Amino acid sequence: MNASDLGFKQLDRMTWSHDLRGTTVIFRQLAGLDELAPVEAIQRDVFGATDLDIYAAGQLMSFAEAGGHTITAWVGDELAGTVIGIGGMVDGEPRLLSDWMGVYPQFRSLGIGADLKRLQAAVSLDAGYREIYWTVDPLRAANARLNFNKLGAWSDHYEQNRYGTSYGEALYGGLPSDRLHLRWSIVDPMVHDLLTAPSQPDHSADGLDSFAPGQSANMVLIPIPQDIDAVLASSQAEALAWRMAVRSTLPVALAEGFRVTGFVPARGAATPALLLTRESP
């Protein structure tokens, strides 16, 4: 699988273009100090991060020299989105940590986030990686739909308050920064099929129950909010209640052998949910 298989047109070794909903988006893999400077700003702007929580341009240059990358998306002269990958070795195997991705709000309707991940998969495969890891907030429904349904990532590891309560406080409102650790096998034929398909159907909640400890079903749901940002804006107490509710159920399900493998969107008055599956005994 390479970038052209995914619909990207290669303009030079570090640059691609792709038309998204009538807009031509230019994707560039950056390496120089000056061109990396705007990536500092997007980290502050999108996540409300402080200088202590962002990657500086000089660090990003070092990541590129150690097998990582910084891939950016541009609409005209405007930086629209960025994904940052950090390369390394774990247990003798190469691993790419996709540690940060963000898209400015005015460009999110184009599908740039999905394209950044798809291009990251192609670039990483070319560099010799077979799997990509990253962490996500389990309360973010839009991210869950992208990561599980569109990309085919999965998770069996929940971590409480990974970055502390002060990380991205302007975005997260001081919530504990609980995260799911995601794994994405970019050599898996199923993942290849998802990335090359024109669209991916959402999962259905028909016949599925919410998780309860000790149940025999091998496919269950864990509800999450439709829009955690809207919840935070109206009630921090309600947002914290969502955090604690998911914290009290999701790690228990993972300990019982479930994996998070999908996302079920809201249907009517129903609440969206993470879809968990496990192999039959």
Side-chain angles (χ1 to χ4, degrees), residues 6-7 18 20-21 25 46-47 73 80-83 98 100-121 132-158 171-172 175 178-186 188 190-208 210-211 219-232 239 242-243 245-246 249-250 253-254 258-277:
L6 303 178
H18 194 202
L20 291 173
R21 302 181 184 178
V25 182
V46 171
F47 275 24
T82 301
V83 64
S98 182
W100 195 92
M101 186 177 81
V103 177
Y104 278 114
Q106 64 268 34
F107 298 112
R108 288 176 188 164
S109 63
L110 296 177
I112 286 174
D115 253 18
L116 282 168
K117 296 299 293 186
R118 293 167 74 241
L119 183 56
Q120 182 178 52
I132 299 176
Y133 290 65
W134 67 98
T135 63
V136 295
D137 185 342
L139 298 185
R140 294 193 168 272
N143 289 359
R145 186 170 186 263
L146 168 63
N147 293 323
F148 300 116
N149 294 6
K150 293 186 176 183
L151 300 180
W154 59 274
S155 176
D156 63 359
H157 180 197
Y158 185 101
L171 177 64
Y172 288 101
L175 287 183
D178 292 17
R179 294 293 185 267
L180 277 172
H181 289 244
L182 267 59
R183 297 177 63 175
W184 192 28
S185 175
I186 52 178
D188 186 331
M190 182 202 72
V191 169
H192 180 276
D193 290 344
L194 283 174
L195 297 186
T196 54
S199 62
Q200 300 83 20
D202 285 319
H203 298 284
S204 170
D206 293 345
L208 299 180
S210 293
F211 170 76
M219 187 175 292
V220 296
L221 303 173
I222 289 185
I224 61 174
Q226 176 69 31
D227 185 346
I228 186 60
D229 292 326
V231 175
L232 267 168
W242 270 111
R243 175 68 82 214
V246 172
T249 54
L250 186 46
L254 300 181
F258 285 95
R259 292 179 174 182
V260 185
T261 57
F263 169 74
V264 177
R267 293 284 186 264
T271 301
L274 300 174
L275 174 68
L276 281 69
T277 58

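Because the structure is a prediction, the values reported are computed rather than measured.
For the pair Leu139 and Val231, the minimum side-chain heavy-atom distance is 4.5 Å or more. No side-chain heavy atom of Val260 sits less than 4.5 Å from a side-chain heavy atom of Ile222. Looking at Arg179 and Asp137, their side chains come closer than 4.5 Å, going by heavy atoms from C-beta outward. Counting heavy atoms from C-beta outward, Leu146 and Phe263 have side chains that stay 4.5 Å or more apart. No side-chain heavy atom of Met219 sits under 4.5 Å from any side-chain heavy atom of His203. Counting heavy atoms from C-beta on, the side chains of Leu195 and Ile186 never come closer than 4.5 Å. Side-chain contact between Ser98 and Val83 is present, with at least one heavy-atom pair separated by less than 4.5 Å. Contact of the Asp115 side chain with the Leu20 side chain is registered, since non-hydrogen atoms from C-beta on lie closer than 4.5 Å.
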Problem set entry | Check against side-chain contact (heavy atoms from CB on, under 4.5 Å), Leu250 and Leu180 | CA-CA 10 Å; Leu250 186 46; Leu180 277 172; 3.9 Å; yes
For this session: Mind running side-chain contact (heavy atoms from CB on, under 4.5 Å) on Tyr104 and Ile112 for me, showing each step along the way?
Result: CA-CA 10 Å; Tyr104 278 114; Ile112 286 174; over 6 Å; no
Exercise. Please walk me through it: do Gln120 and Trp134 pass side-chain contact (heavy atoms from CB on, under 4.5 Å)?
Worked result: CA-CA 12 Å; Gln120 182 178 52; Trp134 67 98; 5.7 Å; no
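The CZ atom of Arg118 lies 10.5 Å from the CG atom of Leu194; values are rounded to the nearest 0.5 Å. Rounding to the nearest 0.5 Å gives a distance of 11.0 Å between OH of Tyr133 and CG of Leu182. Within the model, atoms OG1 of Thr135 and CG of Asp178 stand 11.0 Å from one another, a figure rounded to the nearest 0.5 Å.
The minimum heavy-atom distance between Pro138 and Ile224, with the atom names listed, is O-CG2, 3.4 Å. Across all non-hydrogen atoms, the minimal contact from Pro225 to Ala141 is O-CB, 3.7 Å. Here the shortest heavy-atom pairing between Ala121 and Ile132 reads CA-CD1, 4.3 Å. In terms of heavy atoms, Thr271 sits closest to Pro223 at CG2-CB, 4.1 Å. Between Ser155 and Phe148 the shortest heavy-atom distance is N-CE2, 4.3 Å. Residue Leu274 comes nearest to Ala144 through the heavy atom pair CD2-CB, 3.9 Å, listed as atom of the first residue, atom of the second, then distance.
Side-chain atoms of Trp184 come within 3.5 Å of backbone atoms of Leu151 as a donor-acceptor pair (strictly under, hydrogens ignored). Proximity of a side-chain donor or acceptor of Arg140 to a complementary backbone N or O of Ile228 within less than 3.5 Å is not detected. Using a distance-only test at 3.5 Å, with no hydrogens or angles considered, no donor-acceptor pair links the side chain of Arg243 to the main chain of Leu175. In this structure, the side chain of Asn147 engages the main chain of Asn143 through a donor-acceptor pair within 3.5 Å.
For the side-chain hydrogen bond (donor to acceptor under 3.5 Å, both in side chains) test, residues two or more places apart in sequence or in another chain that qualify with His181 are Glu159.
Under the side chain to side chain contact (heavy atoms under 4.5 Å, CB included) rule, Phe258 has a single partner from Val220, Thr277, Leu275, which is Val220.
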